[in-house]
Amino acid sequence: VAGSSARELELLAKSARDLGKSSIFTAEQVAGLQLELAKLGFSTSEIIDASGGILDLSTAFRIDLSQAAETTAATLRAFGLEASDTTMLTDLMADSFASTGLDINKFQESIKLVAPAAKQTGRSVQEVTSLLGLLANNGLSGSIAGTQLNRVFIELNKKGLTLEDAMSRVAKSTDKLGTATELVGDRGAKALSIFSDQSEALGILREDFNDTAGTAAELAEKSGDTLQGAFKRLRSAYEEL
């Protein structure tokens, strides 16, 4: 599936064994993750770069490896990121899942709707995640949040306005919902109103999500620090032996 040479398959096997013996996942399960990434078009080197971060994310939140791989890979591609950015992305996802109302399902549903417009209007994945996190904290998540944020990006781009400009106009208005609707339409007004009303909370999330290095590994270690986790690591180590 990966189209790898014999030497590249040896490298994949070594990576699977190394990750397997040091995590709650066995080498066989890591090889399954490698297969999923190969099916998504990742090269051998990209698979090796991406696997560790995805394993940490899966461990921390008990996420199915296939879903974690699919969501991570799709998000990397949607924002034009490289496989070497995987750990950055999985750290960001882990932090957002731990500190906001987002989870893997909500994130996956939202990102697939908003990512194209976000990329075309120059928004980073950190910025988009902070906006989705704030919406999730206010009861808007999944496809609804993705649709709302997508509309905000498109309408503001049409009008040549930044998000901060729009938030400021709404905040100063005596008819906040009316002004938000005028700026971004019915399908984006709720989101823009939330951003305007909670600009301070948004600022905190933006600052937090710009420095998430090591979060997934840290949360994975804490999540696996249980009797069940110890038995899983023992099983992985025994399989490697």
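For this chain, numbers begin at 1 and follow the sequence in order. The basis for the numbers below is simple: all heavy atoms, side chains too, and nothing from hydrogens, waters or symmetry mates.
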(Q) Can a donor-acceptor pair be found, under 3.5 Å and without considering hydrogens, that links the side chain of Gln148 to the backbone of Arg187? (A) yes
Q) Do Leu183 and Arg169 come within less than 4.5 Å of each other through their side chains, counting heavy atoms only? A) yes
Q. Quick one: are Glu46 and Leu37 in side-chain contact, heavy atoms under 4.5 Å?
A. no
**Q.** Heavy-atom side-chain proximity of Thr72 to Leu89 below 4.5 angstrom
**A.** yes
Anything under 3.5 Å between a donor and an acceptor, one on a side chain of residues 207-217, the other on a protein residue two or more places apart or in another chain? List them.
from: Asn210; atom 1: ND2; to: Arg206; atom 2: O; distance (Å): 3.1
from: Thr215; atom 1: OG1; to: Thr212; atom 2: O; distance (Å): 2.6

(Q) Is there a continuous path of hydrophobic side-chain contacts, each under 4.5 Å between heavy atoms, that joins Phe79 to Leu113? (A) no
**Q.** Leu81 atom CG, over 12 foreign heavy atoms within 6.0 Å
**A.** yes
**Q.** Ion pair Glu127/Arg123, N-O distance below 4.0 Å
**A.** no
Q: In sequence, state the C-alpha distance, the side-chain angles, and the governing distance for Asn150 and Thr147, and then conclude on side-chain hydrogen bond (donor to acceptor under 3.5 Å, both in side chains).
A: CA-CA 5 Å; Asn150 180 65; Thr147 300; over 6 Å; no
Q: Report the C-alpha distance between Arg77 and Phe42 in whole Å, list the side-chain angles of each, state the deciding distance to 0.1 Å, and finish with yes or no for side chain to side chain contact (heavy atoms under 4.5 Å, CB included).
A: CA-CA 10 Å; Arg77 298 295 195 228; Phe42 277 47; 3.3 Å; yes
**Q.** Shared hydrophobic cluster for Met167 and Leu161 (ILVMFWY, side-chain gaps under 4.5 Å)
**A.** yes
Q. Hey, are the side chains of Thr129 and Leu102 touching, using non-hydrogen atoms and a 4.5 Å cut-off?
A. yes
Q. Does NZ belonging to Lys14 count more than 12 external heavy atoms closer than 6.0 Å?
A. no
Q: Say whether Gln108 and Thr71, considering side chains only, have a donor N or O and an acceptor N or O under 3.5 Å apart.
A: yes
Q: Kindly indicate whether the side chain of Thr86, heavy atoms from C-beta on, has any atom under 4.5 Å from the side chain of Asp49.
A: no
**Q.** Leu131 reachable from Ile154 in the ILVMFWY side-chain graph, under 4.5 Å edges
**A.** no
Q) To the nearest 0.5 Å, what is the distance between NZ (Lys190) and CZ (Phe195)? A) 13.5 Å
Q.
Holding to side chain to side chain contact (heavy atoms under 4.5 Å, CB included), I want the full list of residues that pass it with Asp197, two or more places apart in sequence or in another chain.
A. Lys176
Q. If you draw a 6.0 Å radius around CD in Glu28, do more than 12 non-hydrogen atoms from other residues or ligands fall strictly inside?
A. no
Q. Just checking, any donor-acceptor pair under 3.5 angstrom between side chains of Asn105 and Gln67?
A. yes
Q: Determine, step by step, whether Glu109 and Lys112 satisfy the salt bridge (charged side-chain N to carboxylate O under 4.0 Å, His left out) criterion, reporting the C-alpha distance in whole Å, the side-chain angles of both residues, the deciding distance to 0.1 Å, and the verdict.
A: CA-CA 6 Å; Glu109 283 298 308; Lys112 71 182 182 182; 3.2 Å; yes
Q) From Leu19 CG over to Thr26 OG1, what is the distance, rounded to the nearest 0.5 angstrom? A) 11.5 Å
**Q.** Sub-4.5 Å side-chain heavy-atom contact between Ile111 and Leu132
**A.** yes
Q: Evaluate the side-chain hydrogen bond (donor to acceptor under 3.5 Å, both in side chains) criterion for residues Ser4 and Thr44: first the C-alpha distance (whole Å), next the side-chain angles of each, then the deciding distance (0.1 Å), finally the verdict.
A: CA-CA 7 Å; Ser4 303; Thr44 299; 2.7 Å; yes
Q) Any side-chain heavy atom of Ile194 sitting closer than 4.5 Å to one from Leu134? A) yes
Q) Do Leu192 and Thr179 touch side chain to side chain, with heavy atoms closer than 4.5 Å? A) no
Q | Exceeds 12 heavy-atom contacts within 6.0 angstrom, atom CG of Asp186 | A | no
Q) Under 3.5 Å, is there a donor-acceptor pair between the side chain of Ser110 and the main chain of Gly142? A) yes
Q: Decide if atom CZ of Arg17 counts as having more than 12 heavy atoms of other residues, nucleotides or ligands within a radius under 6.0 Å.
A: no
